[in-house]
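Naming convention: chains lettered A, B, ... in sequence-line order (proteins, then strands); numbering from 1 in each chain. From a predicted model like this one, the values you see are computed outputs, not experimental measurements.
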Amino acid sequence: MKRAPSPAARLRTMHDQLVAAYGPQHWWPAKTPFEVILGAYLTQNTAWKAVELSLDNLRAAGALTIGGLRSLPIDELQRLIRPSGFYTRKAPAIKAFVAMLDHEFSSSLKKLAAAPTATLRQRLLALPGVGPETADAILLYALGHPVPVADEYLRRIAERHKLTTQPARGRQGYDSLVALTRQAFAGDHETSQASLFNEFHALTVAVGKAHCGRTPHCQQCPLAADRARFGNGG
DNA sequence: CGCCAGGCCGTGT
DNA sequence: ACACGGCATGGC
């Protein structure tokens, strides 16, 4: 009899199953780091399709750059990002990020990225409209820091597969998912942690978009085997 | 047509 | 420390 695998070991196996099913994702779907940051704000509780409309508007207005965004009046910014919703909150939040960059990092994303991960994360979390997921998405995808990103899809996967006993929602639940992801990839030394966290988060979104993250008993789901053995019924 | 999307924040308990 | 409602639009 083999001992039951740890949740972290199972999650590492699930990652391989997702890679086999969906292939490399090479995220984030944006061209420049600043565009990644804008997307991170805009996609909060919002379908990516709608975010693309807003990014198209910003591109046409020449506002996908720091300077372009800075010179854009806030009411104009609201109008351009209207397709992705919550614009009365997201527009000031984006403006606050640019102001922080201007005042504290000489308008340089490179200088921002050079700060230590822990202090940088705290600084991002102190910004309006930036919670743990947005902060970590910016850290990983725009600034290249090796931090996992936990999202609603991963939360549901952890719940259905019974990967954690921690409270599912709230800051504690988020942190427990991050810790679990770190454990899952702790033994990987061949590839950079950042690349693995990058790919893993993209794959959780891929499986979510493919329906298997929402439908409780989806047999075509690449993760069906694990769920059959350890998860909720299906 | 109603539901929901790659969250976050303020308020109440 | 959490649950809950509000924020807003577009896709399906």
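Of the N and O atoms on the side chains of A:S54 and A:K90, not one donor lies less than 3.5 Å from an acceptor on the other residue.
Mapped onto DNA chain B by nearest heavy atom, A:V130 and A:D151 fall at different nucleotides, with A:D151 at the one closer to the 5' end.
Residues passing the side-chain hydrogen bond (donor to acceptor under 3.5 Å, both in side chains) test with A:K162 are A:N232, sequence neighbours excluded. Among residues two or more places apart in sequence or in another chain, the side-chain hydrogen bond (donor to acceptor under 3.5 Å, both in side chains) test is passed with A:Q183 by none. For the salt bridge (Lys or Arg N to Asp or Glu O under 4.0 Å) test, residues two or more places apart in sequence or in another chain that qualify with A:R79 are A:E76. Partners of A:T65 by side-chain hydrogen bond (donor to acceptor under 3.5 Å, both in side chains), not counting sequence neighbours: none found. In this view, A:H15 and A:F185, A:F200 satisfy the ring-ring contact (aromatic ring centres under 6.0 Å, His included) rule, not counting sequence neighbours. Take A:R12 and apply the side-chain hydrogen bond (donor to acceptor under 3.5 Å, both in side chains) test, not counting sequence neighbours, and it matches A:D16, A:D188.
Across the protein-nucleic acid pair, A:Y41 atom OH and B:dC9 atom C1' stand 14 Å apart, rounded to whole Å. For the pair A:E133 CD and B:dA5 P, the computed distance is 12 Å after rounding to whole Å. With rounding to whole Å, A:I94 atom CD1 is found 14 Å from B:dC8 atom C1'. Rounded to whole angstrom, the span from the CG atom of A:N45 across to the P atom of C:dG5 amounts to 15 Å.
At a threshold of 4.0 angstrom between heavy atoms, the contacts of A:L127 are confined to the sugar-phosphate backbone, with no base atom among them.
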Extract from the structure each pairing of a protein N or O with an N or O of nucleotides 9-12 of chain C at less than 3.5 Å, listing the distance.
| unit_1 | atom_1 | unit_2 | atom_2 | d |
| --- | --- | --- | --- | --- |
| C:dT9 | OP1 | A:Y87 | OH | 3.3 |

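Using atom P as the reference point in both B:dC1 and C:dC7, the two lie 22 Å apart (nearest Å).
Listed by first and then second residue, the side chain to side chain donor-acceptor pair (under 3.5 Å) pairs that reach into residues 130-141 of chain A are A:Q44-A:T134, A:R121-A:D136, A:D136-A:Y174, A:Y141-A:H201, sequence neighbours excluded.
For the segment residues 169-186 of chain A, residues with any heavy atom less than 4.0 angstrom from an atom of DNA chain C are, sorted by number, A:R169, A:Q172.
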